[in-house]
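The structure under discussion appears below in the form of structure tokens.
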Amino acid sequence: MRFIVIIARGIPYTLLLTVVSFAIGAALGLPLVALRRSRYAVIRALTALIIEIVRGVPVIVWLFVVYFGLGAGVIAFTPLEAAIIVLGVTSAAYMAEIYRSGMIGLPSGQYEAAAALGLNHMTTVRLVTGPQALRIALPSAVTYLLALFKNSSVAYTIGVTEMLFWAFKETEETLQGVLVYGIAGAYYLLMGLPLAVASRSLDRRLRARVATQ
Amino acid sequence: MGTWRQLLDGLTVSVELTVTTLAVGIPLGLLLAVAVGSKSRPIRWFCIAFAEIGRGLPWLVLLQIFYFGLPEFHITLGAMLAATVGTGWGAGAFMSEIIRAGLDAVPEGQREAAAASGLAYRDILRYVVIPQGIRIALPPLIGFAIMVFQGTSLAFTIAVPELLSHAYGIGATTFRYLNVLIMAGILYAVIIVPCALMVGRYERQLRNFV
């Protein structure tokens, strides 16, 4: 049963990676979605292209580009830094699209009513459309957070000492892979479950607080 | 040009793994989606648990438990087979959710009409609900297939000779990781970005017609 203890050593790193990258993604996603919805077509297209490219290359490839690629002579990051940068930036691209789908999901009557009341663009976004779009986007954001929590395991490939790192190491040493990965898997399931449940009930409750026309 | 050729060899393996994973994942997803609505409680609970585990575990855990774990019980799967089974489970579990949503989106009247025409439960599913539900689920399924292609890069960790492992191997021998990894990234992007844009456009078109 020492596996339970050994793999638990990785939990703080798994959580750290998840929470910090998500915070970076949630923050950087906001200016990104503003650019994505810019009034200038060139900026819109350019931002869309950048978002698609960030999302279109697997995270593990980005991780290797930053850690091994840039690390060989350009900028040497620690494994943890490289993992946070990569997961943070890819999260920003995903979060921008999640915010955007929230804004698209809002009935156009909201924009029209705000304009009819003489609110300027910033005030409309801040007081009318922004808060409602966030409510639409929040369940998707929680779903993304859950995916990020699981995907943070790729960081083990560059040596971040999160859960899978210990699972891999213990399997190499003891050859009891089914038990070791079973325990790691149980940790992922147990910690992910509350988020999954939260996401479902959030969706129901928040939808009730969005205008229907 | 030799480098590109080697990377293309890896890309071929990535595509093969995508195909085999989908060949496991799509039937599994359909089976789970239908079985979750089963009248038998043990079957229902088993399928829910099977799907939740497949969705709740990182793909790396699924891959590695089959590749590194099973030899202990004297079952040795080749890297490709372990990757297919592992990601196939994960993909099937996700797809079952997508297909389930598609089946649920078929209007109730369709089932009622089919039942009124005297079709058996099995035939209602087979001729009425599944064909229409799959059509509704198609755009998100294609979108997910793109994610599966991305996910094959994780099979690098169990020594499947796919695109990333070729790139890493070349980097390790030349010590010029950056160039070759960027080349690999370009190959992924060249396939994934146009596919993602097409799926997005297809989804928007469908939405306009509903």
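Not measured: the values here are computed from a predicted model. Chain letters run A, B, ... following the sequence lines, proteins first and then strands; every chain starts at 1.
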Using heavy-atom distances under 4.5 Å, tell me whether [X] contacts chain A through its side chain, its backbone, both, or neither.
{"X": "F66(B)", "value": "neither"}
{"X": "Y67(B)", "value": "neither"}
{"X": "L70(B)", "value": "both"}
{"X": "R55(B)", "value": "both"}

Exercise. Any donor-acceptor pair under 3.5 Å linking the side chain of E81(A) with the backbone of T78(A)?
Worked result: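 Checked: pair present.
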Problem set entry | T21(B) versus T87(B), side-chain donor and acceptor atoms under 3.5 Å |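 Yes, a side-chain donor-acceptor pair sits under 3.5 Å.
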Exercise. Is it the case that E72(B) and Q176(A) place a side-chain donor and acceptor less than 3.5 Å from each other?
Worked result: no
Exercise. Between Y168(B) and F156(B), does the ring centroid distance fall short of 6.0 Å?
Worked result: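 Yes - the distance between ring centres of Y168(B) and F156(B) falls below the 6.0 Å cut-off.
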Problem set entry | Ring center gap for F149(B) and Y188(B) short of 6.0 angstrom |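 Here the rings of Y188(B) and F149(B) have centres that are less than 6.0 Å from each other.
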For this session: Can you tell which part of S153(A) gets under 4.5 Å to a heavy atom of chain B, answering side chain, backbone, both or neither?
Result: both
For this session: Name the region of L70(A), side chain, backbone, both or neither, that has any atom closer than 4.5 Å to a heavy atom of chain B.
Result: both
Out of [options], which one racks up the most heavy-atom pairs below 4.5 Å with chain A?
{"options": "N179(B), I53(B), I192(B), I65(B)", "value": "I65(B)"}
{"options": "P58(B), A184(B), P71(B)", "value": "P58(B)"}
{"options": "L164(B), L187(B), I182(B), L62(B)", "value": "L164(B)"}

Exercise. Does the ring of Y156(A) carry K169(A) above it, NZ/CZ under 6.0 angstrom from centre and within 45° of its axis?
Worked result: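 Geometry flag: not set, cation outside 6.0 Å or 45°.
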Could you have a look at [options] and say which one has the most heavy-atom pairs with chain B under 4.5 angstrom?
{"options": "V59(A), T157(A), L49(A), V65(A)", "answer": "V65(A)"}
{"options": "G177(A), A48(A), G192(A)", "answer": "G177(A)"}
{"options": "A196(A), G56(A), A186(A), G182(A)", "answer": "G56(A)"}

For this session: Look at R100(B) together with D104(B) and state whether they make a salt bridge at an N to O cut-off of under 4.0 Å.
Result: yes
Problem set entry | pair Q6(B)-I170(B): side-chain heavy atoms closer than 4.5 Å | yes
